[in-house]
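Okay, structure first, notes after.
First the proteins, then the strands, lettered A, B, ... as listed; each starts at 1. These numbers come from the heavy atoms of this one structure, side chains and all, not from hydrogens, waters or symmetry mates.
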Amino acid sequence: MLQVTFIRENFEKAAQGLEKRNIREAQSLLRQVVQLDDERKGIQLQRDQLQAEANSISKSIGQLMRSGNHAEAEKVKSRTAEIKQQTKELETAYSEKELELTQLLYTLPNIPHESVPTGKSAEDNETIFTHGNLPELSESEKLPHWELIKKYDIIDFELGVKISGAGFPVYKGKGARLQRALVNFFLDEAQKAGYMEIQPPILVNEDSGYGTGQLPDKEGQMYFATEDNLYLIPTAEVPITNIYRNEILQEDQLPIKNVGFTPCFRREAGSWGAHVRGLNRLHQFDKVEIVHISRPDKSYAALEEMSTYVQSLLKKLELPYRVLRLCGGDMGFTSALTYDMEVFSAAQERWLEVSSVSNFETYQANRLKLRFRDENKKTNLAHTLNGSALALPRIVAAILENNQHADGIKMPSVLIPYLGFEWIQ
RNA sequence: AGAGAGUUGGGUGAGUGGCUUAAACCAGCAGUUUGCUAAACUGUCGUACGUGUCAAAGCGUACCGGGGGUUCGAAUCCCCCACUCUCUACCA
């Protein structure tokens, strides 16, 4: 969530930022924040002073008791009743005010970076880079991936329905090998690029959900194990970033670069439609995720590094792609700047999002209490960033569609050492 | 899953209702001494919010696994929860 001190010191900038996200009444919402915080401070001052008085009375009672002056002690005691009552009231008022403030802050998204274009929807996103030529398939060799996987019997949706339900495909034979090859390729590349590999839990507790911002708003998106109060992760971002929750890092530990492979689980309630056939949207899918923890002054350089890295993967896989800078209306709630990487899927003739790389600045770190100690030994909130590198299903869809021939599908050469075969036939 | 024992600062670890402002030691940091290293000595050493200030120092409040309660006063007593260890059971 946003920091109140930031809002106080950058009121106009914050208001303009929220307006870029099409939030009406941004000024008035921010004024409310400042006012609630003022009220909170006022109550805290009264409460603390009263508490100080109570503490000193208690101490004097202790001294009287020790010196055996019980009568005097009893006398002083009687005076504490009123203070106690008042303290209790102030304590309650303080908690209420703090809760009210927090709840208001939870409703405010991150302030977009100045380079974020204004806009309402995905149509207003800015294409900043395009790479590769769009493949031209003949009409006879233009099967969408949901037909190709049947033709070659490599991914089975019906079987998934039998075992689990819609959106839980079963990967078979060369389909399963392709999954494993991609995961290993992505992890090896990340290691070469200086990332430390993490294998995190894929069930997380409530605190972790709040830390990275999935809670309180998006609990409907996560599967929940009620018996144990644990959520199935929607992305490895959650467990990996929460490693650093409530930590004060030393400056020489930064930047932190982690990579993790996990399955991801999303309920996707109510988001099914014409465009989500086949591998385009699933309840369970595999993803390799990269996470950076950075000094504030280095975080945008880190974002560019991540973007370049993700693009290098797409180039090696020989997939045509484009990079979008998301507009204010399409950007995720917690992000300050997001690049989406989309690959072209030749039979569907659509761009598919395969990675989303974001800088959250201090928005997550504030909830996470993720700080670092700077050269003056002061603690500051760190910046968190993450991105997919990469999400598998749509990559698989594009590889299958773009490389299809009449007699089989040719695998990208970079994967062949991992696969042990060149063609799916 | 059952029984028992635990959870105190970066680490070890004392502390069963008020001289605890959480001892002591180790590690860390700064300094003194010193051919160098080591050692010794001195000092310092938590977080958050508030207050104060140009900034700071200082001061106040809270925090001893988390939450609630008893009390004038809680690390200490009571209740709930989480986690750790040991034994038993089970299991890959």
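With rounding to whole Å, E53(A) atom CD is found 13 Å from A62(B) atom P. Nucleotide G67(B) holds its C1' atom 13 Å from the CD atom of E206(A), rounded to whole Å. Regarding E251(A), its CD atom lies at a distance of 15 Å from the P atom of C29(B), rounded to whole Å. Rounded to whole Å, the distance from CD on E91(A) to P on G67(B) is 12 Å. The nearest whole Å value for the distance from the CG atom in L90(A) to the P atom in G60(B) is 19 Å.
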* Structure fact -> The contact string for nucleotides 72-82 of chain B, one letter per nucleotide 5' to 3', using protein heavy atoms under 4.0 Å with B, S and - for base, sugar-phosphate only and none, comes out as BS---------
* Structure fact -> B/S/- along nucleotides 46-55 of chain B (protein heavy atoms under 4.0 Å) is -SSBSS----
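Atom name C1', nucleotides U86(B) and A30(B): the rounded distance is 45 Å, in whole Å. Separating the C1' atom of U12(B) from that of G28(B) is a span of 15 Å, rounded to the nearest Å. Rounded to whole Å, the C1' atom of C19(B) lies 30 Å from the corresponding atom of A27(B). To the nearest whole angstrom, the two C1' atoms, one in G6(B) and one in C81(B), are 16 Å apart. Look at the P atom in both G4(B) and U61(B): the space between them is 41 Å, to the nearest Å. For the C1' atoms, the distance linking G68(B) with A82(B) amounts to 15 Å, nearest Å. Rounded to the nearest Å, the gap between the C1' atom of U71(B) and that of U16(B) is 16 Å. Between the P atoms of C80(B) and A5(B), the separation comes to 15 Å (whole Å).
Take the nearest nucleotide of RNA chain B for Q63(A) and for Q49(A): the residue whose nucleotide is more 5' is Q63(A).
Ion pairing between E189(A) and K192(A) holds under the 4.0 Å rule for side-chain N and carboxylate O.
In this structure, Y195(A) has its ring center closer than 6.0 angstrom to the ring center of H292(A).
Of the nucleotides present, C26(B) is the one that pairs with G10(B) by Watson-Crick or G-U wobble criteria, both distances under 3.5 Å. Nucleotide C91(B) is matched to nothing when pairs are restricted to Watson-Crick or G-U wobble geometry with both distances under 3.5 angstrom. Pair assignment for A55(B): none, as no Watson-Crick or G-U wobble contacts are both less than 3.5 Å. Nucleotide A3(B) forms a pair with U86(B), judged by Watson-Crick or G-U wobble geometry with both contacts under 3.5 Å. Pairing of U21(B), defined by two Watson-Crick or G-U wobble distances under 3.5 Å, is not identified with any nucleotide. Across all strands shown, U34(B) forms no Watson-Crick or G-U wobble pair with both distances under 3.5 Å. Base-pair partner of G46(B): C63(B) (Watson-Crick or G-U wobble, both distances under 3.5 Å). In a base pair of the Watson-Crick type (N1 to N3 plus N6-O4 or O6-N4) or a G-U wobble (N1-O2 and O6-N3), with each distance short of 3.5 Å, G73(B) is matched with no nucleotide.
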Name each donor-acceptor pair under 3.5 Å that joins a side chain in residues 408-425 of chain A to protein atoms two or more places apart or in another chain, with its distance.
from	atom 1	to	atom 2	distance (Å)
S413(A)	OG	E318(A)	OE2	3.3
Y418(A)	OH	D188(A)	OD2	2.7

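Take E251(A) and apply the salt bridge (Lys or Arg N to Asp or Glu O under 4.0 Å) test, not counting sequence neighbours, and it matches R295(A). In this structure R325(A) satisfies the side chain to side chain donor-acceptor pair (under 3.5 Å) test together with E126(A), sequence neighbours excluded. Judged as a side chain to side chain donor-acceptor pair (under 3.5 Å), and not counting sequence neighbours, the contacts of D38(A) are R8(A).
Atoms CZ and CG, from F261(A) and L182(A) in turn, are 10.5 Å apart once rounded to the nearest 0.5 Å. Residue E289(A) holds its CD atom at 10.0 Å from CG of L390(A), rounded to the nearest 0.5 Å. With rounding to the nearest 0.5 Å, the separation of CG in L337(A) from CD1 in I111(A) is 14.0 Å.
Q51(A) has no side-chain polar atom (N or O) that falls below the 4.0 Å cut-off from OP1 or OP2 of G60(B).
At least one donor-acceptor pair under 3.5 Å links the side chain of K257(A) to the backbone N or O of A193(A). Counting only distance, with no hydrogens or angles, the side chain of R266(A) and the backbone of P234(A) share a donor-acceptor pair below 3.5 Å.
As judged by a 4.0 angstrom heavy-atom cut-off over every strand, N205(A) is placed among residues making no nucleic acid contact.
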